[in-house]
Protein chains: 2
Amino acid sequence: MGRKRTKSGKIRLTEVAKLAGVSPITASRFFRNPSALSLSKRERVDSAVKELGYVPNLAARALASHRTEVIGVVIPSLTNSVFADVLRGIYDASEQSRYSIQLANTRYSILQEEKLLRLFRAQKPAGLIVTGINQTPESRNVLETMDCPVTQIMEIGDSPVDMMVGFSHYDASFAAISHILEQGRRRIGFLGARMDPRVQRRFDGYRDAMKAVSLFDPNLVVTTTVPTTVTLGGTLFADLLAQAPDIDAVFCVNDDLALGVLFECQRRQISVPGHMAIVGFNDLEFMASAVPSLSSVRTNRYEMGRHAITMVIDAIEGRRPQQPVLDLGFQLMIRDSSMPPTA
Amino acid sequence: MGRKRTKSGKIRLTEVAKLAGVSPITASRFFRNPSALSLSKRERVDSAVKELGYVPNLAARALASHRTEVIGVVIPSLTNSVFADVLRGIYDASEQSRYSIQLANTRYSILQEEKLLRLFRAQKPAGLIVTGINQTPESRNVLETMDCPVTQIMEIGDSPVDMMVGFSHYDASFAAISHILEQGRRRIGFLGARMDPRVQRRFDGYRDAMKAVSLFDPNLVVTTTVPTTVTLGGTLFADLLAQAPDIDAVFCVNDDLALGVLFECQRRQISVPGHMAIVGFNDLEFMASAVPSLSSVRTNRYEMGRHAITMVIDAIEGRRPQQPVLDLGFQLMIRDSSMPPTA
DNA sequence: ACAATTATTGACAGCGCTACCATCGCATTG
DNA sequence: CAATGCGATGGTAGCGCTGTCAATAATTGT
C-alpha cells in the first residue's frame, strides 16, 4: 500500500488526515469538536478513521492540551457495600461519557487521603469526586487549588469546596429515633462501629433525639472504632445488654450491625420486636428479607453516584448547576422489627 | 530569584536539573533508576526536587516512553462483595508500587468486556488483570496482542493467556456436596443465580458429585440468570420446595442465597439443620454469625487480589513467575447448618 | 603502566497531539 | 461596492519527557 506508518505500525492522526485529504488539525477537531467541521470533511475524516483503525494517543493529547479526561474518585472503602452502590452509579453514568474513572481508596485514613489528593492534583484530572466533608485543612487546600470541578458526596454541609450531593446523616438518624420513640420504646440503645465522621453525625442525631425527650443515657451507647461486621453487631449488642439490661430497642449505625443484633437475639431467644426493636441504617437488600424483616433508613446511594458524576461532567463542560448542593434525602423503611412491643 | 518556569508556573525537569547542576536526562534517571546515579548527584537531584516541589508530568513521560504505569483491572461487578475483597487485595498490594489501578466494570456483559479490553489496549497499560477464563475469541485475541503481562483471576484452567491465579470452582463445589452426602443427606437441592461461567462450573461439580452416587435428579435444581440477592434465595428455595418437597439439604452457589434460604426456613419453621441442611459458597463474614451458623466454602479472595497484582508487577519488571498458574484452593467451613439431620 | 572494561553522564531528536493565530472564502450590511 | 463579520481551515511551534547512542570518568587485570 505504501501508507505511512511509524516504525511500531501505529497509525497517527497525520495518516488519517492525509487519507482524508485534510490537515492534521482538522482531523484533530473531528474528535474534539466535530460540529466545527463541514459535513463533507467530517464524513471524509470519519471514514479515514474507520479504514485505518485509528486510535488517539491519550498521552499525546494530554501533553499537548494540558488536560486529561480522567475523573478521580476518592472513597474510604471498597469493601463497604455502601460505596459499591455509589460506585455503580458513578460507573453507570460515566460510561456514556468520554471520561474514565480513576478510583482511589483512602481506607479511612486522612493522611492517605492527603497523599492521594496530591497525587491527583499532579495528574490534572478533569474532575474529582471525594467522600465526605471532613477533609484536613491541607486536603481542603489541595481541593481548592485543584483547578477542576470537585463534588463532595455522601453528606451535605455548609461550605462546599465546589459542589455537594448527599443527605443529612443527622436528620436521618434523628428521624429513625423519633420513629422508635413513637412506637412506645423508651430505652433505646445505640450501636456504632468505625465511627467515621458520618457515623459520628448519626450518633449526634440519636443523642439529640433522645435528649429532646429527656431519655438520653450514656449507658445506652456502645461504640467502637473497629470496622463493622455482622459478628461485631452481636458482640456490641452483648456489651450493650450487659451495661443496660433494660433496653427495649437498638439503633445500629448500619445494617450489618443490625443483622448481627438480630442473630444475637435469636441466640438469646429475645423476641423481636416483642421485647426488642431493631433499626439499621442504609437499607441494604437483605433487611427486607430477614425474619422478622428489619427496619432501616434507606439512603439513595446509587442515585448519589449518578448525580455526583453527572454534576462533575456538566461542570467540566461548562454547565454549572444552579445550586451547588444537592440533598438526596432518605426514607424511613418501617418493617416488623420496629413494630410496637408486646405487653 | 530568576528561576526559570513555564508560564503556568509549573516546574519542569529542566529546572530541577539546572538547580541540581546536572543534565535533564540525569534528573530523569533519578526517578526511573536512581541506582544508576552516583550518590552525590542523587542527593543533589533529590534536594532540588524537594526544594522546587517538582512533580513529574505523567503524560509527557507516557508520550516519550511509550509506556504508562497503569494496571488495568477488569471485573464483572462492583456490587458483588466477592470482587470487593479481590479489589482490596489489589489496591493494598499496589499502593507500595509505582503503578496505579484503572478499574473497568463489564457488568457481566461479554460485549462490554470486548469494548473495555480494546480501550485498554489503546491506552497501553503496563499490565492487566481480567476476571475469568471465558473470554470471547475476540477478547482473547485482544488479550494476546496486549503487549503487557496479563493475569486471569477467580479461576484456573488449562490455557492461560499469560498468568492465572484462582481456584477450581468445580472441585470446591464437588467437595461441598461430598461433605453434605457424608452427613447422610440424600436429596440435596441446588440453587443458582446469575449463572455466570464460574457458577456454571459450581453446578457441574454438584451434578457430578450427585451422579457419582446416583442421586442426581433435575428436579433438585433451580437456577435463574437474575442477579443474586438474599430475597431471591428465599424465592428460589420456595420454588425448589414446590418441585421437590422431600429435599433434606440445599447447596447455594453463594452466601446471599444461603442466607435467603435460612430466612425462608425460619419463615416456614423448617428446622436447620434438623430437617434441612444449608451450605453456601464464598464464606462471607456473616455466615459464621448466623443462627444456626452457616456452612460455606471459603475462597481466598483477598489473597487472590494480592497475588494477581504482585504477579503482574513482577512480570512487568522482568521477574516472571516460574509457574504461570497459581491455585489458591479453598476451605470447607463446616458449621451447624450442615450437621447431620435429626431422626 | 596501559589496554580493556564498566560505571556515569550528556546531546540530540523526537513521541503524537493541540493551542494559537493567521488566512480564506462567503454572506451580510450601509 | 467596499467594509465588516464569521465560519471553516491550515501552519507553526511547542507540551515535558525519555530512547538512543556517544562520550567521559573510574576501575580493573595483566
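Quick note on labels: first sequence line is chain A, next is B, and so on, each numbered from 1.
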Whole-Å distance between [N] [atom2] and [X] [atom1]?
X        : N       : atom1 : atom2 : value
Phe30(B) : dC17(D) : CZ    : P     : 14 Å
Arg12(A) : dG16(C) : CZ    : P     : 6 Å
Arg44(B) : dT8(C)  : CZ    : P     : 15 Å
Leu52(A) : dG16(C) : CG    : P     : 15 Å
Leu63(B) : dG19(D) : CG    : P     : 12 Å
Ile11(A) : dC15(C) : CD1   : C1'   : 16 Å
Lys41(B) : dA7(C)  : NZ    : P     : 17 Å
Leu13(B) : dT18(D) : CG    : P     : 6 Å

Which atoms of nucleotides 21-23 of chain C (N or O only) lie under 3.5 Å from a protein N or O atom, and what are those distances?
none

Salt bridge check, [Y] against [X]: does any charged N sit closer than 4.0 Å to a carboxylate O?
X         : Y         : value
Arg320(A) : Asp162(A) : yes
Arg107(A) : Glu95(B)  : yes
Lys50(B)  : Asp46(B)  : yes

With a 3.5 Å cut-off and no angle check, do the side chains of Ser94(B) and Asp92(B) form a donor-acceptor pair?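 No - no donor-acceptor pair under 3.5 Å links their side chains.
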
Identified side chain to side chain contact (heavy atoms under 4.5 Å, CB included) counterpart of Val161(B) within the set Thr151(B), Ile133(B), Leu143(B):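 The passing option is Leu143(B).
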
Give me the one residue out of Val70(B), Val73(B), Thr68(B) that meets side chain to side chain contact (heavy atoms under 4.5 Å, CB included) with Gln102(B).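 For Gln102(B), the side chain to side chain contact (heavy atoms under 4.5 Å, CB included) check succeeds only for Val70(B).
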
Parallel, tilted or perpendicular, judged at 30° and 60°: which one describes the rings of Phe83(A) and Tyr108(A)? perpendicular

Are [X] and [N] close enough that a side-chain N or O sits under 4.0 Å from OP1 or OP2?
X        : N       : result
Arg67(B) : dC15(C) : no
Ser65(B) : dT18(D) : no
Arg32(A) : dC17(C) : no
Ser38(A) : dA8(D)  : no
Thr26(B) : dG10(C) : yes
Arg42(B) : dT8(C)  : no

Bend across the helix from dA1(C)-dT30(D) to dG30(C)-dC1(D), to 10°, with axes taken over 5 pairs at each end?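 That helix has its two terminal axes inclined by roughly 20°.
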
Could you tell me whether the side chain of Ile25(B) reaches within less than 4.5 Å of the side chain of Arg29(B), counting heavy atoms only? yes

The test is ring pair (Phe, Tyr, Trp, His ring centres under 6.0 Å); show your working for Tyr54(A) and Phe30(A) and say whether it passes. CA-CA 13 Å; Tyr54(A) 169 74; Phe30(A) 169 77; 9.5 Å; no

With a non-hydrogen cut-off below 4.0 angstrom, is Ala36(A) in contact with a base, only sugar-phosphate, or nothing? sugar-phosphate

Could you please name the option among dG10(C), dG16(D), dC15(C) that lies closest to any side-chain atom of Ala60(B)?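 Selected nucleotide: dG16(D).
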
Report yes or no: does Glu15(B) contribute a side-chain atom to a donor-acceptor pair with the main-chain N or O of Arg12(B) at less than 3.5 Å?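 The answer is yes, because a donor-acceptor pair under 3.5 Å joins these two groups.
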
Specify the residue among Val22(B) and Ala64(B) whose closest nucleotide of DNA chain C lies further upstream toward the 5′ end. Val22(B)

